[in-house]
Amino acid sequence: MLNLVCGIAGGRMRGRSEFSSTANYISVAAVAFLLLTSVSSATAQQTSSPSPFKLEGQVGLAAEAYSCRGIPERRAPTSSQLFANTQFNIFGLKSGLNLLYSTDDTRVRQSMNRLAFTGEWRWLQVSLGDVSPMLTKYSLSGVTVRGGLLELTPGKFMVTLTGGRTQRAVAYSQSAFGRPSFAQWLYAARIGVGSSNGTHFHLIGVLAREQVGSLDEPQELAPAENFSVTPDFGFSLFQGRFTLQANATAVVFTQDTRTAEVDLPGLPGLSSSLFRLRRGSRLSFAGEVEAQLRLDGFSFRGGYERVEPGFQTLGVGYVISDHHVVTAAPTVTILNRRLTLGGTFSWSRNNLLGQRLATLTRMQWGTNMQARIGSNLTISAGYQQMDNANRPVADSLASLFQDQLVRTFMVTPNLVMRAGSLTHSLTLSTTYQKFTIALLPVASSPLISPNFDNVNSALTYSLTANSGLTFSLSGTYLRSNTGATDLDAAGVTLGSGVPFFQRKLRVNVSAGWSQNWSSLASAVTPAGSTGSTQWMMTLTSSLQVTRRDAIRLNLRGLNSDLNGASGNFKELQATLRYDHRF
């Protein structure tokens, strides 16, 4: 097995000439360091004298092989991953190292490799490498920074500094997975008083820009940059039973930094010293406020969120602009915590400035319940409803009129029985969903009703023995009915797990069958039926070689048959993983 791992890893690395040799050296050096320190840690633990040095963590290697027939490959034929994480404490100095290196990395998309070092001493925390700072939802979140982070928390004061590259340059490629982009850099600072989870006031600034010239042929792609300022405050009262959090982000975003610069009247030097205002730069806002109340047997969470049209920033992974949302969620627990009742409500609307051709208003509300009946039976149930109303701003746009109503009912009873060394569990999950839509008919074309009803049910039985033996059997059924199509789907899955050699070796096997078929019949669609059948099998084994070392093997196979039609395919995937803990 070790030869297989090394062969796949070595072959893959030799085939990827575009990878940085520096990253390879860093990965190998990091793993070698961890292996040496793990040995020294194990030796130190054998002595009875206390040591001011404490080391723990994990290092490992995974190799994967993949093949398919009948469809294009969904992943590389072979790949390998090197991963490690360690934490150590030296006289109160806490530190750690995290590493992820994959040979499946490619220059046609953003890097998936990660390397991070962290250190902490009293009120000082330092992180180097790949960090993911979370300041506020609309200032800096969901972005990985390859650089560093420094946080100082002396007493009630807080200072946070972070900066580095958030994405590398990706050239134009014919690959379906790649998208051209400039190299992007980001710098952020937070200063204030108090902890983010309690009473505090912080001021946050974020500067991000795409590097001009990092692409040889930018063509229509334009380099962007932005600067944002966010005041963030919160209150915590009555020993944390009531909290209030609020923040608002103002961002100046420039879509193309190649346009001419402009100066703000009365603010000379601002554009050149901090952020260069240009023709086309725009100012927009986004913010949120949330309040929570926690009492014995009752809790409530409510909030308001608003994102102005055109809000865009390089410090957030993904933003939906032009909407505001009101939310509320109460929860009540009664009958000695045997019954929990909850509710959810949200109302949202877009077209805040009246610039769209239609306004979409959405209202969602629902209730949920969880009841413990005796010591064996638990019942969960819920109802959710969503209303979408799309209203055109003018009578001449009546074709944009649309009303949608989605209602969902859910019930899940769970029965658990214990008899000697055996535990039986039986769960039935049923969901019914009804979708209706109202449209204004167009005289020039027939109107097909898109309404549908869905019934989805799953029954699962599982058996667990004190010896470690497990057995499970589950069946699923789906029925969907529309005006033009009837869809049915059913499936059965059987699985079992068996331990060997005093549970040092465990083997889990599962097999499944599923089939779906649809019938077509409408005024504009020819009558007919189609269907497909899938067979699946999974084998997972885990061997605990020593108290610190484990080997895991996973095999997965899939066979899909379109019932005689073209498009049949087969897939096979194997993954071998080695872990060492210290």
Side-chain angles (χ1 to χ4, degrees), residues 20 22-23 26 30 94-100 110-121 123-154 157-170 181-193 195-196 200 202-215 223-232 247 249-255 257 269-278 281 286 311-319:
S20 170
T22 303
I26 291 176
K94 299 179 181 179
S95 187
L97 178 69
N98 294 306
L99 167 70
L100 172 63
Q110 296 302 320
S111 175
M112 61 186 297
N113 296 327
R114 295 290 181 264
L115 175 63
F117 171 82
T118 60
E120 181 179 349
W121 175 261
W123 45 265
L124 171 65
Q125 180 177 346
V126 179
S127 299
L128 299 175
D130 295 301
V131 297
S132 300
M134 170 64 186
L135 301 185
T136 63
K137 183 176 180 179
Y138 292 112
S139 63
L140 179 57
S141 64
V143 173
T144 298
V145 180
R146 176 158 293 182
L149 183 145
L150 172 66
E151 188 164 271
L152 309 174
T153 55
F157 296 94
M158 170 181 284
V159 176
T160 303
L161 301 173
T162 185
R165 192 183 69 184
T166 56
Q167 69 179 28
R168 65 184 179 187
V170 175
S181 61
F182 290 97
Q184 188 179 113
W185 296 80
L186 180 143
Y187 309 92
R190 173 174 61 182
I191 185 171
V193 180
S195 170
S196 300
H200 68 274
H202 299 155
L203 188 62
I204 301 168
V206 178
L207 175 65
R209 59 168 52 99
E210 294 178 333
Q211 182 179 351
V212 180
S214 56
L215 285 181
E225 67 178 0
N226 70 258
F227 176 70
S228 68
V229 176
T230 303
D232 173 32
N247 61 79
T249 298
V251 58
V252 180
F253 190 89
T254 301
Q255 190 69 50
T257 58
L270 175 64
S271 175
S272 59
S273 62
L274 185 61
F275 179 81
R276 297 183 178 181
L277 294 175
R278 302 177 183 273
S281 298
F311 182 87
Q312 192 173 359
T313 174
L314 301 178
V316 179
Y318 179 72
V319 177

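Sequential numbering from 1 along the given sequence is applied to the chain's residues.
- No donor-acceptor contact under 3.5 angstrom links the side chains of Thr254 and Glu225, judged on distance only.
- Looking at Gln312 and Gln255, their side chains come closer than 4.5 Å, going by heavy atoms from C-beta outward.
- For the atom pair Ser181 OG and Glu210 CD, the distance stands at 7.5 Å (nearest 0.5 Å).
- By the 4.5 Å heavy-atom criterion applied to side chains, Ser196 and Arg190 are counted as neighbours.
- Every residue meeting the side chain to side chain contact (heavy atoms under 4.5 Å, CB included) condition with Ala188, not counting sequence neighbours, appears here in chain and number order: Leu135, Leu140, Thr162, Leu186, Val206.
- Rounding to the nearest 0.5 angstrom, the gap separating the CZ atom in Arg168 from the OG atom in Ser214 is 12.5 Å.
- Expressed to the nearest 0.5 Å, how far CD of Glu120 lies from OG1 of Thr153 amounts to 8.0 Å.
- Leu128 CG to Phe117 CZ: the interatomic distance, rounded to the nearest 0.5 Å, is 7.0 Å.
- For the pair Thr230/Tyr138, no side-chain contact is recorded, criterion being any heavy-atom separation below 4.5 Å from C-beta on.
- Contact annotation: the side chain of Phe182 never approaches that of Val212 to less than 4.5 Å [non-hydrogen atoms, C-beta and beyond].
- Partners of Asp130 according to the salt bridge (Lys or Arg N to Asp or Glu O under 4.0 Å) rule, which considers only residues two or more places apart in sequence or in another chain, are Arg146.
- Closest of all the heavy-atom pairs between Ser281 and Val252 is CB-CG1, 4.2 Å.
- Partners of Leu124 according to the side chain to side chain contact (heavy atoms under 4.5 Å, CB included) rule, which considers only residues two or more places apart in sequence or in another chain, are Val126, Leu150, Leu152.
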Steps toward side chain to side chain contact (heavy atoms under 4.5 Å, CB included) verdict (His200, Ser195):
CA-CA 6 Å; His200 68 274; Ser195 170; 5.9 Å; no
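- Residues Arg209 and Thr257 are not in side-chain contact: their nearest non-hydrogen atoms beyond the backbone lie 4.5 Å or more apart.
- Remark: Trp185 CH2 to Leu314 CG distance equals 14.5 Å, nearest 0.5 Å.
- The shortest distance between side-chain heavy atoms of Gln125 and Lys94 does not fall below 4.5 Å.
- Thr144 has its side chain within reach of Arg114: a pair of non-hydrogen atoms, C-beta onward, lies under 4.5 Å apart.
- Applying the 6.0 Å contact sphere to CD1 of Ile191 captures no more than 12 heavy atoms from other residues, nucleotides or ligands.
- Listed here is the closest heavy atom pair of Ala224 and Phe253: CB-CZ, 3.7 Å.
- Nearest heavy-atom pair across Gly163 and Tyr187 is CA-CD2, 4.0 Å.
- A 4.5 Å side-chain heavy-atom check between Thr249 and Thr313 finds every atom pair outside the cut-off.
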